[in-house]
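Nothing fancy with the numbering, it's 1 onward along the sequence. Heavy-atom basis, side chains included; hydrogens, waters and symmetry copies ignored.
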Amino acid sequence: MKRFIFDTGKLLLVFVACSTFFYFGLRFIHSEYESYHRYDPPEGNAVKVASMEQENSLVDRMTLFFRLGE
């Protein structure tokens, strides 16, 4: 009985240590990516992929609307 309580205590200690390590690891990763700005304008030789300046007819816009299912 004494051995069972000792082994359970060791298991609990290992579980708490691993959980604490995992928690602080996640906090570290969150703090690293919290200040990461995903929507900053690109720098360097960036190429614009889509241009919204062109005029589409109503039929073209409706076709695109139904094709994409939006």
Side-chain angles (χ1 to χ4, degrees):
M1 182 70 177
K2 192 174 188 181
R3 182 77 177 159
F4 175 73
I5 293 173
F6 181 69
D7 286 342
T8 304
K10 284 193 313 187
L11 182 65
L12 181 64
L13 183 66
V14 169
F15 175 75
V16 168
C18 289
S19 296
T20 303
F21 179 73
F22 182 71
Y23 172 74
F24 283 109
L26 286 178
R27 283 187 54 151
F28 172 74
I29 291 171
H30 175 70
S31 66
E32 285 292 316
Y33 285 103
E34 187 175 25
S35 62
Y36 180 68
H37 300 279
R38 296 184 299 181
Y39 303 112
D40 287 345
E43 299 174 357
N45 296 329
V47 177
K48 188 168 183 118
V49 177
S51 175
M52 299 304 289
E53 297 172 3
Q54 54 182 309
E55 291 294 323
N56 293 335
S57 70
L58 183 60
V59 174
D60 291 338
R61 293 184 68 182
M62 292 301 291
T63 304
L64 182 64
F65 175 80
F66 288 123
R67 186 175 43 162
L68 295 178
E70 295 180 356

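- Atom OH of Tyr33 and atom CZ of Phe28 lie 9.5 Å apart (nearest 0.5 Å).
- For Lys10, the side chain to side chain contact (heavy atoms under 4.5 Å, CB included) criterion is met by Phe6, Asp7, not counting sequence neighbours.
- Within the 4.5 Å cutoff, side-chain heavy atoms of Leu68 are placed close to those of Leu64.
- By the 4.5 Å side-chain criterion applied to Ile, Leu, Val, Met, Phe, Trp and Tyr, Leu26 is assigned to a cluster that also includes Phe22.
- Residues passing the side chain to side chain contact (heavy atoms under 4.5 Å, CB included) test with Phe24 are Thr20, Arg27, sequence neighbours excluded.
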